[in-house]
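A short worksheet on the structure shown next.
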Amino acid sequence: MGNLALSTSFFRTDATTSEPVPSGRFVARRICNGIIYYYTPVTAAEQQTVCPAKDSQTPASPCPISSSVSSETLSHTAISSQTKSDAASNSRPLLLFFSWLGAQPGAVAKYRDLYLDRGMDFLLVQSSVMHFLWPRWGLNYGLDILNILEEPPFTGRLVLVHASSIGGFTFTQLLTHITQQPKQHADLAHRVIGHIYDSLVVGSLDHMATGLGKTLVPRLEGFIKTTAMFYFRLFKSQTADIYESGVQVFYNSPVTSPALFFYSENDAMCCPAVLEKLMDFWTRRGVSVDSRKWKESTHAAHLRCHPEEYVSTLQHFLNSVCSSQ
């Protein structure tokens, strides 16, 4: 990881809260169903400072990003300008955001704007409940995401992962493929400069079933939880066994860059003791681990419940990631 240069100008430190990115100041491009790429138009400063990499196998070093965002003006005839624009955009770090189940656009926008405002592009990965209920489909989805990250405009870019709730499960599906085919996919693990986990669902099948009940139809939480537990036992080899395998992959994750965990003591979907055991295990593996725990908060809504503490902790983590490169 030490050979990947990262400019501190990507992470603004002059504010403790993120200013929203005004509507129309970013481009949203749907990559496929459930995956959307958000990026700000390339500034004139970026086009002037970008230098094409001589070695196509080595990612270009990030260039400073202007704090103001200008309109994108691309001409179909100005090929050299288009090339510079693409190179400048592709030099930015990519925030890979695995959202929680049923995440509403307005809620996701708060995270999107937070990272866009700090000079990063934002790739939203949404998960379906079926990716979780039938993990084989989740594994296929994970491979699709992995393939996307290994193709332009994401090839060779530095990546920061932010996974919330079930998003951690989806990210683990990527890790499973990296673990199983290291020669083919190990590059991504080395490109991840940091990973952030918010409200991970950890503990037992009971925690997973509780999460489904609270997320799918809260009014029928008890019924859904009971049904889910029966389903997990009925299809144990296709569900519970794969979940356990995923836990082992996550414990021994091929991504060893600095990690940050957000969690609370009153989260019914996360067992603090189990999560803290994981963090301790990673620390003993040599991973730099930071965390922020609240006595009371809301699952996958720590940013809404504790905005100043959340953003301050996140900013401190980004600064530490920056200084370690």
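Sequential numbering from 1 along the given sequence is applied to the chain's residues. All values derive from a computational prediction rather than experimental measurement.
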Practice task
Give the ring-plane orientation class for Tyr310 versus His162, where under 30° counts as parallel, over 60° as perpendicular and anything between as tilted.
Solution key: parallel
Handout entry: Minimum heavy-atom distance between Pro135 and Gln173, given as atom pair plus value
Key = O-NE2, 3.3 Å
Exercise for the section: Among Arg191, His185, His190, find the one that has a side-chain hydrogen bond (donor to acceptor under 3.5 Å, both in side chains) with Asp187. Expected result: Arg191
Handout entry: Check: Thr176 side chain, Thr172 main-chain N or O, donor-acceptor pair, under 3.5 Å
Key = yes
Solution key, residues 227-235 side-chain donor-acceptor pairs under 3.5 Å, sequence neighbours excluded:
from, atom 1, to, atom 2, distance (Å)
Thr227, OG1, Phe223, O, 2.8
Tyr231, OH, Leu133, O, 2.6

Practice task
Mind jotting down which residue pairs meet the side chain to side chain donor-acceptor pair (under 3.5 Å) criterion with at least one end in residues 124-148? Sequence neighbours excluded, please.
Solution key: Ser127-Thr170
Donor-acceptor contacts, no H, no angles, side chain residues 287-295, under 3.5 Å, sequence neighbours left out:
from, atom 1, to, atom 2, distance (Å)
Arg292, NH2, Glu309, OE2, 2.3
Lys293, NZ, Glu276, OE2, 3.2
Trp294, NE1, Glu309, OE1, 3.1

Exercise for the section: Please answer: with hydrophobic residues joined when any side-chain heavy atoms are less than 4.5 Å apart, are Tyr243 and Val249 in the same cluster? Expected result: no
Handout entry: Leu116 vs Arg25, side-chain contact (heavy atoms from CB on, under 4.5 Å): CA-CA, chis, key distance, verdict
Key = CA-CA 10 Å; Leu116 289 180; Arg25 293 293 186 92; over 6 Å; no
Problem - Any donor-acceptor N or O pair under 3.5 Å, side chains Ser264, His302 - result: no
Practice task
Locate the shortest heavy-atom distance separating Ile166 from Ser99; write the atom from each residue and the value.
Solution key: CG2-O, 4.0 Å
Problem - Nearest atoms (heavy-atom pairs only) where Leu160 meets Tyr115 - result: CD2-CE2, 4.1 Å
Exercise for the section: Consider only side-chain heavy atoms of I, L, V, M, F, W and Y, link residues closer than 4.5 Å, and tell whether Ile35 and Leu139 are in one cluster. Expected result: no
Fill in the blank from the handout: Sequence neighbours excluded, the answer for salt bridge (charged side-chain N to carboxylate O under 4.0 Å, His left out) partners of Arg219 is none
Problem - Joint cluster assignment, Tyr263 & Val161, ILVMFWY side-chain distance < 4.5 Å - result: yes
Problem - side-chain contact (heavy atoms from CB on, under 4.5 Å) partner of Leu124, the single match among Phe98, Tyr38, Tyr37 - result: Tyr38
Practice task
Please list, chain by chain and in numerical order, all residues satisfying side-chain contact (heavy atoms from CB on, under 4.5 Å) with Ala268, sequence neighbours excluded.
Solution key: Thr210, Lys214
Problem - Backbone N/O of Leu149 and side chain of Glu151: donor-acceptor pair under 3.5 Å - result: no
Handout entry: Expected output: side-chain Arg112 to main-chain Phe97 donor-acceptor under 3.5 Å
Key = no
Handout entry: Tyr197 OH to Leu278 CG distance, which is reported to the nearest 0.5 Å
Key = 8.5 Å
Exercise for the section: Verify the cluster assignment for Val201 and Phe261: are they in a single hydrophobic cluster under the rule of side-chain heavy atoms below 4.5 Å apart? Expected result: no
Completion exercise
Between Phe317 and Gly194, the two heavy atoms sitting closest are CZ-CA, 4.3 Å
Exercise for the section: Let me see the working for Asn252 and Phe281 under side-chain contact (heavy atoms from CB on, under 4.5 Å), right down to the final yes or no. Expected result: CA-CA 9 Å; Asn252 297 281; Phe281 181 77; 3.9 Å; yes
Exercise for the section: Output all residues satisfying side-chain contact (heavy atoms from CB on, under 4.5 Å) with His207, sequence neighbours left out; order by chain, then residue number. Expected result: Ser204, Cys271
Practice task
Please assess Tyr251 against Lys277 for the test side-chain contact (heavy atoms from CB on, under 4.5 Å), listing each intermediate value before the final yes or no.
Solution key: CA-CA 10 Å; Tyr251 256 76; Lys277 180 180 178 182; 4.0 Å; yes
Practice task
May I ask you to decide if Thr40's main-chain N or O and Arg92's side chain share a donor-acceptor pair within less than 3.5 Å?
Solution key: yes
Exercise for the section: Give the cluster check for Leu174 versus Leu94: same hydrophobic cluster or not, with ILVMFWY residues linked at side-chain heavy-atom distances below 4.5 Å. Expected result: yes
Practice task
Please report the shortest heavy-atom distance between Ala300 and Asp198, naming the atom on each side.
Solution key: CA-OD1, 4.0 Å
Problem - Worked verdict on Phe250 versus Phe171 for ring-ring contact (aromatic ring centres under 6.0 Å, His included) - result: CA-CA 9 Å; Phe250 194 77; Phe171 180 52; 7.2 Å; no
Exercise for the section: State, to 0.1 Å, how close Leu200 and Ser165 come at their nearest heavy-atom pair, and which atoms those are. Expected result: CD2-O, 4.1 Å
Problem - Full working for side-chain contact (heavy atoms from CB on, under 4.5 Å) between Val321 and Leu260 - result: CA-CA 11 Å; Val321 167; Leu260 171 64; over 6 Å; no
